[in-house]
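Just below is one structure, and these are the notes that go with it.
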Amino acid sequence: MMKKISIILILVISAVFSCKKTDAKKSNPKVAKTALKETSALQITPISHATAVISFNKETIYLDPTGGLKAFEGFKKPTYVLITDIHGDHMDLKTLNALDLSESIIIAPEAVSKNLTTINSQEIITIQNGEKKLMDSFQIEAIPMYNLREEALKFHPKGRGNGYVLTINNERIYFSGDTEDIPEMRNLKNIDKAFVCMNLPYTMTIESAADAVVEFKPKEIYPYHYRGTNGLSDVAKFKEIVTSQDANIKVIQWNWYPN
């Protein structure tokens with residue numbers, strides 16, 4: 001009788017361990033898939049001025065798409081479109097109508113989304129200053145963008161447009177939109193890549209932009225949106241100011257105005 005009990009116990013224990021091994025084998029593909037997703041390459045491509053294409057995993061994001069269909073030749077159709085403000089260098093209805101957005105989700109502030117009723121998109125999601133939304137493969141946070149100087153308040157009032165912080169594969173990427181060196185920018189934390197505007201009279205000087213950047217300390221800073229009424233801002237001087245005050249901040253200059 002004792003022998004039979006011992007044999008039964010051995011069989012039960014063997015079965016339990018066998019089940020654990022089977023479960024571990026079944027879970028491995030999920031672990032591998034998650035790891036692959038977390039390490040998939042992030043690629044940001046400047047198009048012009050404030051327009052960029054962000055690619056990662058299976059996603060393609062168009063940021064403030066302008067320039068017509070031709071500007072996006074060679075890129076996949078967007079899974080998401082992010083728009084920061086109502087001005088034509090950010091919300092370009094002609095470009096939005098030219099693109100195939102039938103399977104795209106548009107994310108924009110209310111001032112923008114109410115102007116997109118004729119756009120054939122999969123969905124329009126409204127996000128306001130301070131809101132966070134978790135999408136399938138990234139998180140988006142709407143950061144205020146507005147003017148501080150009295151003479152510039154008419155350009156970008158507080159609460160209308162959004163800057164964005166995207167968290168992609170554990171990396172935090174900030175796009176300022178049209179703004180001055182506002183407290184909400186200066187208080188940003190743990191930013192890996194920052195795209196910050198600097199053009200007069202619409203946003204801010206290179207000195208103001210540099211001062212803000214040195215305060216919130218992104219790992220990498222990319223000047224963008226730097227064409228004003230008097231031509232292009234001196235982004236080389238901006239780099240000199242930032243690096244002289246904090247050599248740990250890497251300033252990367254892209255040519256957003258190739259023509």
Side-chain angles (χ1 to χ4, degrees), residues 41-54 56 63-64 82 84-85 87 89-90 129 140-153 155-156 158 161-259:
L42 168 70
Q43 183 174 343
I44 303 173
T45 306
I47 303 299
S48 67
H49 192 56
T51 303
V53 174
I54 307 159
F56 61 98
L63 173 70
D64 284 340
L82 307 186
T84 60
D85 200 14
H87 293 152
D89 55 341
H90 303 279
N129 290 179
I140 182 168
E141 179 179 358
I143 307 298
M145 48 152 276
Y146 55 94
N147 288 107
L148 296 170
R149 294 169 295 124
E150 186 68 31
E151 67 273 19
L153 294 178
F155 297 128
H156 307 100
K158 186 175 183 179
N162 292 330
Y164 293 113
V165 171
L166 306 179
T167 303
I168 299 171
N169 299 335
N170 297 319
E171 193 168 18
R172 284 166 55 80
I173 305 142
Y174 170 56
F175 293 93
S176 72
D178 284 7
T179 191
E180 291 190 56
D181 53 330
I182 57 176
E184 293 89 343
M185 178 196 291
R186 291 177 175 273
N187 291 332
L188 290 171
K189 305 294 182 186
N190 304 315
I191 299 297
D192 294 288
K193 292 178 171 62
F195 292 77
V196 174
C197 63
M198 51 195 78
N199 64 327
L200 292 178
Y202 307 112
T203 62
M204 57 183 159
T205 65
I206 59 170
E207 290 82 8
S208 294
D211 193 57
V213 164
V214 169
E215 185 162 347
F216 76 85
K217 300 184 184 305
K219 291 178 183 176
E220 297 176 355
I221 170 69
Y222 299 73
Y224 91 135
H225 197 292
Y226 54 85
R227 180 178 57 205
T229 53
N230 293 322
L232 304 182
S233 298
D234 190 347
V235 291
K237 181 68 175 177
F238 166 83
K239 179 178 181 178
E240 182 182 321
I241 296 170
V242 171
T243 53
S244 67
Q245 295 187 48
D246 191 336
N248 292 320
I249 300 174
K250 186 176 182 181
V251 182
I252 301 171
Q253 294 174 248
W254 284 349
N255 183 12
W256 294 78
Y257 309 97
N259 296 325

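In this text, all values refer to a predicted model and were calculated from it rather than measured experimentally.
Residues Pro183 and Tyr146 come closest through the heavy atom pair CD-OH, 3.7 Å. Listed here is the closest heavy atom pair of Pro223 and Val235: CB-CG1, 3.7 Å. The two residues Tyr164 and Ala142 come nearest to each other via the heavy atoms CD2-CA, 4.2 Å. Nearest heavy atom pair, residue Thr243 against residue Lys239, reads OG1-O, 2.8 Å. When every heavy atom of Ala209 is checked against every heavy atom of Val196, the shortest pair comes out as CB-CG1, 4.2 Å. Across all their heavy atoms, Arg186 and Phe216 have their closest contact at O-CB, 3.5 Å.
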**Asked** After noting the C-alpha distance and the side-chain angles of Ile47 and Val53, does the key distance pass the side-chain contact (heavy atoms from CB on, under 4.5 Å) rule?
**Response** CA-CA 7 Å; Ile47 303 299; Val53 174; 4.0 Å; yes

**Request:** Determine, step by step, whether Phe175 and Ile54 satisfy the side-chain contact (heavy atoms from CB on, under 4.5 Å) criterion, reporting the C-alpha distance in whole Å, the side-chain angles of both residues, the deciding distance to 0.1 Å, and the verdict.
**Result:** CA-CA 12 Å; Phe175 293 93; Ile54 307 159; 3.8 Å; yes

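Checked against Val165 for a side chain to side chain contact (heavy atoms under 4.5 Å, CB included), the options Ile140, Asn190, Ile143 give a single hit: Ile143. No option in Ile173, Ile221, Leu166, Ile168 other than Ile173 meets the side chain to side chain contact (heavy atoms under 4.5 Å, CB included) test with Lys193.
Using a distance-only test at 3.5 Å, with no hydrogens or angles considered, no donor-acceptor pair links the side chain of Glu184 to the main chain of Pro144. Between the Asp85 side chain and the Gly177 main chain, no donor and acceptor come within less than 3.5 Å of each other. A donor-acceptor pair under 3.5 Å is absent between the side-chain atoms of Ser176 and the main chain of Gly163, judged by distance alone. A distance-only check finds no donor-acceptor pair linking the side chain of Asn147 to the backbone of Arg149 [under 3.5 Å]. A distance-only check finds a donor-acceptor pair linking the side chain of Tyr257 to the backbone of Arg227 [under 3.5 Å]. Of the possible polar contacts, none joining the Asp192 side chain to the Lys219 backbone as a donor-acceptor pair under 3.5 Å is found.
Between His225 and His90, the two ring planes are parallel [angle under 30°; tilted spans 30° to 60°]. Using cut-offs of 30° and 60° on the angle between ring planes, the pair Tyr222 and Phe195 is parallel.
For the pair Asp64/Asp89, no side-chain contact is recorded, criterion being any heavy-atom separation below 4.5 Å from C-beta on. With a 4.5 Å cut-off on side-chain heavy atoms, His156 and Glu180 do not count as touching.
Counted within 6.0 Å of CD on Glu150, heavy atoms from surrounding residues, nucleotides or ligands total 12 or fewer; the atom is thus considered open.
If you take CD on Glu141 and CG on Leu188, they are separated by 8.0 Å, rounding to the nearest 0.5 Å. Interatomic distance, NZ of Lys158 versus OG1 of Thr179, reported as 10.0 Å (0.5 Å rounding). Annotation: the span from Tyr174 atom OH to Met185 atom CE amounts to 3.5 Å, rounded to 0.5 Å. Here the CG atom belonging to Leu63 is positioned 12.0 Å from the OG1 atom belonging to Thr45, to the nearest 0.5 angstrom. Tyr224 OH to Cys197 SG: the interatomic distance, rounded to the nearest 0.5 Å, is 6.5 Å. Asp234 CG to Glu207 CD: the interatomic distance, rounded to the nearest 0.5 Å, is 9.0 Å.
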